[in-house]
Structures are given as structure tokens and as C-alpha cells.
Number of protein chains: 2
Amino acid sequence: MAVQKDFSVDCVVFGYHEDELKVLLIEQRMPETSAGKEKRYALPGDLVQDNEDLDDSASRVLKELTSVELENAYLKQFYTFGNPKRVKGLRDQQWLRSFRQDPDARVITVAYYSLVKMEDYNPVAASFASETVWMNVDEVPALAFDHNTIFDKALATLREKIKYYPIGFHLLPKKFTLSQLQHLNEVISGEELDKRNFRRKVQKLPYIIPLEEKQKGVFHKPARLHVYDERFKE
Amino acid sequence: MAVQKDFSVDCVVFGYHEDELKVLLIEQRMPETSAGKEKRYALPGDLVQDNEDLDDSASRVLKELTSVELENAYLKQFYTFGNPKRVKGLRDQQWLRSFRQDPDARVITVAYYSLVKMEDYNPVAASFASETVWMNVDEVPALAFDHNTIFDKALATLREKIKYYPIGFHLLPKKFTLSQLQHLNEVISGEELDKRNFRRKVQKLPYIIPLEEKQKGVFHKPARLHVYDERFKE
DNA sequence: GCAAAAGTGTTTCCGATACACCCATGA
DNA sequence: TCATGGGTGTATCGGAAACACTTTTGC
């Protein structure tokens, strides 16, 4: 008899807060009988349901996490992981035996990455997790299954993509200042940018729209706000 | 009882010959009882075997097609297709019922694209296909399953990638002329390039090595040959 | 000698870089 | 009034683009 097979999706959800790039992790609830009781984190994900398309499955995972309708979330498939041993670790097996119908199934997972505006976002614990946290991307601990591999590839993909395409906006509030945008770019690319050159270049872009509105309640000269013209959404 | 599931890989194999970009298709052998008897083409692909990694599966498909050891073939995963209806067309079902154990299984397919040197390549009919052909990418007919969607995305991915990364070499003979390289770039990108500017730029690249050798037996001034330094392989 | 493609330099333009000071606000 | 980040202009450099003629070979 052939090995039982299953499909899942996993989502690498990026956010940005206080000049730091974050990723959303769930704390994996371990079974009572489990040996190690320390916390363990995983990427949010789930089995693909019968008759459910892959993109819909990823959207559902995201939606269940936030209990918010994220009508326009940026969510892209980026890679599929199918190593036959990817769910065969000891603790992975313990978890699967408690929470999955077919713990011995071979599971390949289609991975998505998502960029969200953290302030719109209110993640809640899903049924199979006890807690969600935003973790600094530099401080991601050892994760369940092959999720470190998935996360690393997601981050590399994001960095690669942002070199050529202006997708960073999805991480910022609707109205943002040019400094916020610059810091975001610096954090993701890891390079410092010259303020004047950056502003000149950005202001030339057709999809960055300056508003008349200014920041309020700040401790210094208030910055002009800008919006991203969503019609350019890739 | 849940729907039976299966994984497959499909390969979009690109080649280049006489200034035209080609794709390798297999003629799908239809069952005797089949209604329509006309030819139908499909991308090469197969089910992923138990305990076989995805990349290995794609390599195997490529190798079976050519019966040649392609030690260094350029072969990259690019997208996964999992629409629940993707194998539910009438002719698709006829084919599956004749050639697959679980014709009703839901199959998601991990798609790869490959760049090969056509002159090294000697594709043979695999057991499930009667013939293979190199088809001009502009003349690809209606294919089996969702293979037109897969092909379109592969071509888009190739065009996108080649904008920034020098992967075209994998399509050319080991020793090539700068004109061949220029034409290749023009065909893939769809844009004409200035000869002098192109040559200046290319000669500055560290991974294009000029040889002392020249073309022979041509009807005009023989061009200098160049090689791609494989150490730069992406 | 002619057809066919190879090969070669210079000028112009534009975007990328480097760099330092004044401004508006809340405390 | 001061601390904080916001906002601005110019000169230089280097790569990108435009452009036409001579060379080598086989026939």
C-alpha cells in the first residue's frame, strides 16, 4: 500500500513595527503526554481542505489567525517543500499523533508569504495554537517541522523581490511618511540610504502620492503624509 | 472518506534553436476507446514517488525524457498548481482512467522549468507518451490538464528572471558567439538591442570568457567564440 | 568582387552618489 | 530654548543610449 499523502499550506506573515521587521509565529500547543514541555513555535498553516484551492487555503489560514477580513492582504505563493522527512522529527511526530488524522502521511506544503499592516492586525489564537507572537526576524528560534527552512526562504524571497518591486507599502500604514518608508527599505535590504537621494527618487515615482495632511502629536517637525496608489498593486 | 490525494511534478523544458525559443512537449498517447483521436500534447511530468524528494522527481522526469545523464541541467521549481478542477476535463479523465491507479485523486503539481542546450539533447519517447517535439513557444497548442497555465507562468518566470540574472547561457552551446547571445536575449525579452552597446556590456562581465578560437565553415567573417564561466552558476 | 555577418569609438544624456544646513513642533 | 526628526539643492561620476563604417570570409 502506497504512503498516504496530504497537502498543507504554511504562511510566513511579515509585519513592521518600530523600525523592525517581524514575523508572525504561533505557539504550538503540545500534547499533555509530550516529553519536552517548553514552548515551541511554528508558522501558521493548515491542511488544504478537499475541494479548496491553494490560494483560498492560505487566505483562510490568514483569516483564522486574525479573525479579521483582510480583503486586500498581500499574499503570494513562493515555494513548495516536499522533503519526505520534513515532518518526521520526534516532536513533530508527537504533535502529529495528537492533532492529525493521518500522522504518518507524507505532507508537502505550499508556502506563502504575506505582508500586512500590523496596526490593522489583531491576531488571535487559532484552535490548534495557544498563542501568537510577532517575532523579530533576527530572533526567530528553532521552529517545528522544516519551518526554519521555509522562513529563511521567505525572507530571502522578500529581500530579492523588494530590490526591484515596490511591495514594501503593504507593511506600512495607509498613510506614511517618507522617513518611515526609508527606514523600512533600510531594514529589509540591510543598507543605509541617503535621505535626500531617497526622497528625490521616491517623489518621482508615480504611485507615491503626497497628501496635504501632516503628522500630528509628534515631538518634532511633523512630516508630510503620503499614500501608495493601490492601482499599481502588482 | 476524504478525497484521495496525489503529488506530481511537471517540467517546462526550454531550448533555443535557430533564433527561436522552444519548449519540449510530449504527445499524449490516448486510450484506444477515446472519443477524439487527434493528437494532444502535454508537458512532461509524472507522479512523485514515495520517499522521493520533489527536485529528484523533476530530475528523473527530465532524465527519462532524454535517456541522457544531464549532470548539470538548470532545473528550478517555480510554482505549484493545485486547483481542485485541474485534472477534471473530459479528455483528462479519459487519460487518467487508462493510465493512473487513482484517476479520481486530487493531484497538485509542482512545476519546474529547465533550460537545456538543445544540441546535447536527444529526447526519446517515455513509456506514457508516443513522441516528443520541440515546439516554438509562440505556437504552443491547447495542452492537456492545466498545462497551458503552467507553461504561460513558466515563460513569464523565465522572462522575468532573465531581466536580472544571466541564465540564458544554459540554452546556448558551450562555445557561443556574442551575436548568438544577443539574439537569444532579444528573443526572450522581445526587445531589440544595440550591437555595440550589448558587446561592450557583455565583455565587461567577469563570467563571459573569450576564446582564441573562431567559428569555422561560415559564409562570412568568422566570429570569436566565448564560454560562460560555470563557476558563476547562480 | 560581392554577399553576409563580425567587429569597433565617441558623444550625449540621465540617473546615482556624495554632501550640510535650516525648519517646525512639543516639552 | 532645546531636542528631535523633517525637509531641501548642487556638483560630480559613471553607466546607458544613440549612431555608421570597415573587416573577414566563402562563394
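Per chain, numbering begins at 1; letters A, B, ... match sequence-line order.
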How many whole angstroms separate atom [atom1] of [X] from atom [atom2] of [N]?
X: A/Glu192; N: C/dC19; atom1: CD; atom2: C1'; answer: 15 Å
X: A/Gln182; N: D/dG5; atom1: CD; atom2: P; answer: 14 Å
X: B/Leu181; N: C/dG7; atom1: CG; atom2: C1'; answer: 16 Å
X: A/Lys216; N: C/dT25; atom1: NZ; atom2: C1'; answer: 14 Å
X: A/Arg224; N: C/dT25; atom1: CZ; atom2: P; answer: 14 Å

message: Parallel, tilted or perpendicular: which one describes the rings of B/Phe176 and B/His226, with boundaries at 30° and 60°?
response: parallel
Using atom names, set out every protein N or O paired with an N or O of nucleotides 22-27 of chain D below 3.5 Å, distance rounded to 0.1 Å.
from: D/dT24; atom 1: O2; to: B/Lys221; atom 2: N; distance (Å): 3.0

Any sub-3.5 Å donor-acceptor pair from [X]'s side-chain atoms to [Y]'s backbone N or O?
X: B/Tyr113; Y: B/Phe78; result: no
X: B/Asn185; Y: B/Glu191; result: no
X: A/Gln215; Y: A/Ala223; result: yes
X: B/Asn148; Y: B/Ala142; result: no
X: A/Asp55; Y: B/Asn83; result: no
X: A/Gln182; Y: A/Leu193; result: yes

field: Nucleic acid contacts of residues 193-208 of chain B, taken as heavy-atom distances under 4.0 Å to DNA chain D
entry: B/Asp194, B/Arg196, B/Asn197, B/Arg200
message: Using five pairs at each end of the helix from C/dG1-D/dC27 to C/dA27-D/dT1 to define an axis, what is the angle between those two axes, to 10°?
response: 0°
task: Salt-bridge test for B/Arg224 and B/Glu212: reply yes if a basic N is under 4.0 Å from a carboxylate O, no otherwise.
output: yes
message: Run the ring-ring contact (aromatic ring centres under 6.0 Å, His included) test on B/Tyr79 and B/Phe81 for me, step by step, so that the C-alpha distance in whole Å, both residues' side-chain angles and the decisive distance to 0.1 Å come before the verdict.
response: CA-CA 7 Å; B/Tyr79 206 73; B/Phe81 298 84; 5.2 Å; yes
query: Can the positive tip of A/Lys76 be found less than 6.0 Å from the middle of the six-membered ring of A/Tyr74, inside 45° of the ring normal?
result: yes
field: Residue-phosphate contact under 4.0 Å: A/Ser179 side-chain N/O, D/dG5 OP1/OP2
entry: no
field: Intermediate values then yes/no, salt bridge (Lys or Arg N to Asp or Glu O under 4.0 Å), B/Arg60 and B/Asp53
entry: CA-CA 11 Å; B/Arg60 175 174 56 81; B/Asp53 207 345; over 6 Å; no
